[in-house]
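Written below as structure tokens is the structure these notes are about.
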Number of protein chains: 2
Amino acid sequence: MSIASDLIRGHTDTIILGLLAVGDSYGYRINKAIRTATDGEYELKEATLYTAFRRLEDAGCIRSYWGDEESGARRRYYAITDRGREVYRQSLLEWERANRLIDKLIRPFGENGEGK
Amino acid sequence: MSIASDLIRGHTDTIILGLLAVGDSYGYRINKAIRTATDGEYELKEATLYTAFRRLEDAGCIRSYWGDEESGARRRYYAITDRGREVYRQSLLEWERANRLIDKLIRPFGENGEGK
DNA sequence: TTGAGATACCTTGACAGGCGAGGTATCTTG
DNA sequence: CAAGATACCTCGCCTGTCAAGGTATCTCAA
């Protein structure tokens with residue numbers, strides 16, 4: 001079974017920005033990269049992915065342009081912007097903070113789930 | 001500034017179950033416990049809290065009963081059920097898995113956010 | 001005594017992100 | 001020529017969060 005999407009929610013944008021920070025890419029490839037990176041444990045649904053692109057572009061975090069493929073289906077490439085890099089950095093920090101916080105909140109016993 | 005709630009989303013139920021695993025409690029106190037535990041960095045909004053109680057009770061993870069306060073405002077106490085404990089255990093495991101997954105996805109470089 | 005502030009509960013309606021379901025078009029390969 | 005991969009996209013529902021509003025009790029100071 002795959003991971004509950006509510007646990008990933010809020011990370012979608014960061015994941016995409018992280019991948020684009022390595023280099024320009026396009027939707028289909030980003031999606032595959034995620035599936036591959038997690039050995040199929042997680043995948044972004046297409047609808048989610050394209051919603052995120054829209055959102056990130058509106059926010060000025062990414063730019064897009066059509067690739068000039070000679071053959072094959074057309075691809076819309078995305079590039080991260082300076083603002084995108086900044087947002088990405090911030091998100092990493094936030095994630096670390098949230099991570100510590102959640103870990104603290106989730107285990108009132110300190111150790112594991114065994115209360116008694 | 002407090003943590004983005006999208007990062008905590010999906011953990012609300014687990015946090016509540018974790019607290020109830022220690023012992024019965026009621027809404028107001030649970031809320032304060034969370035604020036205190038995080039030094040005010042995070043707090044559950046009341047609406048969110050009561051929605052969660054409803055959800056958890058419908059799912060059979062908690063039971064509720066009215067306290068018999070002699071004075072002061074009436075309190076509705078919540079108790080975790082066996083099913084609740086089981087769900088809690090599972091959630092802890094899921095969180096660990098998700099944690100690893102997100103950490104992997106969020107940093108395509110392996111180290112930190114610095115791509116170049 | 002009256003008013004503020006803490007304790008304690010609750011509901012309504014809006015919003016945002018995820019995603020199931022559906023659609024388009026191209027290329028490759030059997 | 002059909003199937004499957006590549007590649008894009010939209011519509012509408014669902015779910016969790018939360019701002020805003022409400023109720024009632026108790027305490028304590030002015």
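Because the structure is predicted, anything quoted here is derived from the model rather than measured. All chains are named by letter (A, B, ...) in the order of the sequence lines, taking the proteins before the strands, and each is independently numbered beginning at 1.
At a cut-off of 3.5 angstrom, counting only N and O atoms as typed in the model, there is no donor on one side facing an acceptor on the other between the side-chain of B/Glu46 and the base of D/dC18.
An OP1 or OP2 oxygen of C/dG17 is reached within less than 4.0 angstrom by no side-chain nitrogen or oxygen of A/Thr12. Neither OP1 nor OP2 of C/dT11 sits under 4.0 Å from any side-chain N or O of B/Tyr50. When the side-chain nitrogen and oxygen atoms of A/Tyr26 are compared with OP1 and OP2 of D/dC8, none of them lie within a distance under 4.0 Å. Between D/dG16 and B/Ser5, no contact under 4.0 Å exists linking OP1 or OP2 to a side-chain N or O.
Going from atom CZ of B/Phe53 over to atom C1' of D/dG16 covers 16 Å, rounded to whole Å. Here the P atom of nucleotide D/dA5 and the CZ atom of A/Arg75 are 17 Å apart, to the nearest Å. Taking atom NE2 on A/His11 and atom P on C/dG18, their separation rounds to 10 Å, with Å as the unit. For A/Arg74 and C/dT26, the CZ to C1' distance is 10 Å, given to the nearest whole Å. Summarising the geometry, the separation between OH on B/Tyr65 and P on C/dC9 is reported as 12 Å, rounded to the nearest angstrom. Atom P of nucleotide C/dG20 and atom CD of A/Glu43 are separated by 9 Å, given to the nearest angstrom. Summarising the geometry, the separation between CG on A/Leu44 and P on D/dA7 is reported as 17 Å, rounded to the nearest angstrom. Rounded to a whole Å, the CG atom of A/Leu49 is 13 Å from the P atom of D/dA7.
The pair B/Arg89-B/Glu86 counts as a salt bridge, with a side-chain nitrogen and a carboxylate oxygen less than 4.0 angstrom apart. Classification of B/Asp6 and B/Arg9 as a salt-bridged pair holds, one side-chain N sitting under 4.0 Å from a carboxylate O.
With respect to A/Leu44, the side-chain contact (heavy atoms from CB on, under 4.5 Å) criterion is satisfied by exactly one of A/Ile8, A/Thr12, A/Thr51: A/Thr12.
With distances taken from any side-chain atom of A/Arg55 to the nucleotides C/dC9, C/dG17, C/dC19, the minimum falls on C/dG17. When distances are taken from the side chain of B/Ala47 to each of C/dC19, D/dA20, D/dC8, the shortest belongs to D/dA20. Across C/dA8, C/dG17, D/dT6, the shortest atom-to-atom separation from the side chain of A/Ala73 is found for D/dT6. You'll find that the side chain of A/Thr48 is closest to C/dC19, out of C/dC19, D/dT17, D/dA7. Nearest to the side chain of B/Arg9, among C/dC19, D/dT15, C/dC9, sits D/dT15.
The minimum heavy-atom distance between A/Tyr78 and A/Tyr26, with the atom names listed, is CD1-CA, 4.5 Å. Between B/Tyr42 and A/Leu101 the shortest heavy-atom distance is CB-CD2, 3.8 Å.
Sequence order on DNA chain D of the closest nucleotides to B/Thr51 and A/Lys32 puts A/Lys32 first from the 5' end.
Using a 4.0 Å heavy-atom criterion, one finds that B/Arg29 contacts no nucleic acid atom at all.
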